[in-house]
Structure formats: C-alpha cells, structure tokens
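What you see is a predicted model, and the numbers here were worked out from it, not measured in a lab. Each chain gets a letter, A, B and so on, in the order the sequences are listed, and its residues count up from 1.
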Number of protein chains: 2
Amino acid sequence: MKYSKATNYALHTMLFLVAYAPDKPVGVQQLAERQNVSPTYLSKILTKLVKAGLVESASGANGGYRLRRRKEEISFLDIIHAIEGTASLFDCTLNHSSECLIQQEMVKAEGQMEEYLRNKMMSELAGKLTESH
Amino acid sequence: MKYSKATNYALHTMLFLVAYAPDKPVGVQQLAERQNVSPTYLSKILTKLVKAGLVESASGANGGYRLRRRKEEISFLDIIHAIEGTASLFDCTLNHSSECLIQQEMVKAEGQMEEYLRNKMMSELAGKLTESH
DNA sequence: TATATTATAGATAAATAAAGTCTTTGATTA
DNA sequence: TAATCAAAGACTTTATTTATCTATAATATA
Ligand code: SF4
Ligand code: SF4
C-alpha cells in the first residue's frame, strides 16, 4: 500500500501554486518542468484538481491554472481525496453487514489519519518553504 | 491506495486463531476454506506472520499454525506491518533532506493511523465475535 | 523404517492497477 | 486568423498484486 506518485505531484503542484503563484494563471508546462514529469500526464492530475474545485483553469493564450480558494482553506486531505478518491482504504468485498468488526476498526484508524490531514492546511507550509523545496 | 487482500486474509486468520483456536495447531487447509482462498496462497501469508513472530508453525502430521503470543499482545498494527511492511506510505524518491515539509506532514498523518492500530488489540475483538463473522 | 501429512520456498503465470504517451478537440486571446 | 493552452479518450508500458504449480524439508505415527 502506497500513496500514488500522482498524489505526490498534486501536493507539489498545489504547494507551488500556494507559495509562488501570482494572480495570473500558471501553465502546465511550467508546473511539469519543476517536477520532471510530462506535461500531458500532469494535466490529467490537474484536471482532477479542477473537478474537485481546488484550482480553476483557463484555456487559450495566457491561460493556465490558479488557485480557487485561499490557502487557509485548502487541506492536505482535499488534495489527496481529489486524486486517490474517498473510498475506504480497507474494503472487504464480502460486506458482512455494518457490524463487521474488522472493517469498523480499520475505518476508525483511517479516520485518525484523515483528521490530521483535514486540519493540515497549505497555508501552514507556504511560509516555511525554502528555495530548493 | 488500498490495503491488499493479503492483509485482509491475515487479519481474518489471526482473528480466527484468537477466537476459536484451541491449543492444537490449525492447518492451512482449514484456514483457507473459511476464507475461500487457495491454501497455497494463504500459506505464504502465514509464513510472513510466522517470520514476524506472531504465529508459530509445526510441520508434519497434526501440524499447522498456532498463536505465539497472548491475544492481549497482538495488535492490528503487528499484523498489518507483517504483511505490508513498515515503509512509509508516502515515500518521495527525491529525498530532499529530512527537512522536507510535505513528507514530514504525511509521515505524521500516517503516524496517527498507526497509533490507533498499535493500540487496538486482537483481544478486544475476540469477545465480540458472532458466528457468521 | 516407510508412509502420510504438513509447512516452506521458488519459479512462474494471470490479473489488476498505476504511470505515462499520443492525438484530437475545444476554448481563448491577440 | 494564428498561436496558445486545457480537456478528453484511446492506447501502451510498467509495476504490483494475486494466484498457481512444483519441489523440498520436517514431523508424526503406523
Ligand atoms: S468480517 Fe468484515 S472484513 Fe471479514 S469478511 Fe466479513 S465483512 Fe469482510
Ligand atoms: S519537497 Fe519533499 S516530497 Fe517534495 S521532492 Fe523534495 S523530498 Fe520529495
């Protein structure tokens, strides 16, 4: 079980937008170069972020992506859910009713992680950023 | 990102051993039937549990698997780590030093989940088990 | 000792998921 | 109109997970 690389790309992209982006949109080209990932692949990730309402896009010349919310209102969990989806990490195919003891505990455990991520906002990292990161 | 089915099998196997197993070992055949999984596949999972010190095995007639610790001393996390390994869920290949802000937060978040799983013991579930589960 | 029983290990195959590419379309600006 | 940029779909490649098959080793008991 691993977080996908797509999630890594998404987090870095968001962090960049939060930390450095001015008002004008940033193109996928520029975002991709910073991360050594192909623009076409990153664009699919960005489209997910758009659909999740985290960023907005503009086509055409001078287009690109920009944040749609204030950095105080964007959590790690928002970004992760946009990429990984919101399904439980532990989903037993045989659904032995809601009383399933194992699943209950696994979901609670996951909830602990999510709570941390829900409360960790982009704004908290933006200030601490150094050049190389 | 999903927990593997192997982890599911491992949790069910351990729960069964905790709840029903007498002193004599249980064969992989029997364990596999309950879960509709092939004995050979389950046996590799069990071997991991053996190597993690959670169960012990005995070859030969009347052999099989039995718990190696008291149920109060077996945590969800023990079992999950035995199967999934202990590496971080978020591992950026480019290791930008230990000061990496993103990784730091992701590891902390994961730590919250692990803490819950570390404190959740098999003994807590054993009593609540119903027939069908 | 011989035989049946059971776990361990390794190679391999099949299935699934993730990562990445290519190409077309559509929107926007200058 | 021409250049620029995002969105979408089909597709390929790679990696991981799941599962099977076979051979070997250990043990009990008849
Ligand atoms: S007990 Fe829960 S996890 Fe196990 S098979 Fe039933 S529903 Fe699935
Ligand atoms: S900032 Fe952290 S997560 Fe990002 S590339 Fe550097 S080490 Fe990896």
Original post:
Could you walk me through whether I83(A) and I45(A) pass the side chain to side chain contact (heavy atoms under 4.5 Å, CB included) check?
Top reply: CA-CA 7 Å; I83(A) 305 301; I45(A) 292 164; 3.8 Å; yes
Subject >> Worked verdict on L31(B) versus V37(B) for side chain to side chain contact (heavy atoms under 4.5 Å, CB included) >> reply: CA-CA 9 Å; L31(B) 295 168; V37(B) 59; over 6 Å; no
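To the nearest 0.5 angstrom, Y65(A) atom OH is 12.5 Å from M14(A) atom CE.
dT18(D) atom C1' lies 13 Å from atom CG of N8(B), rounded to whole Å. Summarising the geometry, the separation between OH on Y65(B) and P on dT5(C) is reported as 17 Å, rounded to the nearest angstrom. Put simply, NZ on K48(A) is 14 Å from C1' on dA7(D), counting in whole angstrom units. The distance between atom CD of Q29(B) and atom P of dT8(C), rounded to the nearest whole Å, is 15 Å. When the P atom of dT8(C) is taken as reference, atom CD of E56(B) falls 11 Å away, rounded to whole Å. What separates NZ of K51(A) from C1' of dA6(D) is a distance of 12 Å, to the nearest Å. Rounded to an integer number of Å, the gap from CG of L49(B) to P of dT8(C) is 10 Å. Here dT18(D) presents its P atom at 11 Å from CD1 of I83(B), a figure rounded to the nearest Å.
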Report all interatomic pairs (protein N or O, nucleotide N or O of nucleotides 23-30 of chain D) with separations under 3.5 Å.
| residue | atom | partner | partner atom | Å |
| --- | --- | --- | --- | --- |
| dT29(D) | OP1 | N62(B) | ND2 | 3.2 |

**OP:** Starting at the 5' end of nucleotides 15-20 of chain C, put B wherever the base has a protein heavy atom under 4.0 Å, S where only the sugar-phosphate does, and a dash everywhere else.
**Re:** ---SBB
When the side chains of residues 109-121 of chain B are checked against the rest of the protein, which donor-acceptor pairs come out under 3.5 Å, sequence neighbours left out?
| residue | atom | partner | partner atom | Å |
| --- | --- | --- | --- | --- |
| E110(B) | OE1 | S88(B) | OG | 3.3 |
| E110(B) | OE1 | L89(B) | N | 3.0 |
| E110(B) | OE2 | L89(B) | N | 3.4 |
| E114(B) | OE2 | H81(B) | NE2 | 3.1 |
| Y116(B) | OH | E105(A) | OE1 | 2.6 |
| N119(B) | ND2 | E115(B) | O | 3.0 |
| K120(B) | NZ | E124(B) | OE1 | 3.0 |

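A donor-acceptor pair under 3.5 Å is formed between the side chain of E84(A) and the backbone N or O of M1(B). Looking only at distances, a side-chain donor or acceptor of T13(B) sits under 3.5 Å from a matching main-chain atom of Y9(B).
The minimum heavy-atom distance between E72(B) and S123(B), with the atom names listed, is CA-OG, 3.5 Å.
Note on L11(A) and V107(B): separate hydrophobic clusters, where clusters join Ile, Leu, Val, Met, Phe, Trp and Tyr whose side-chain heavy atoms are under 4.5 Å apart, directly or indirectly.
S43(B) comes within 4.0 angstrom of a base, heavy atoms only.
By the 4.5 Å heavy-atom criterion applied to side chains, Q35(B) and F16(B) are not counted as neighbours.
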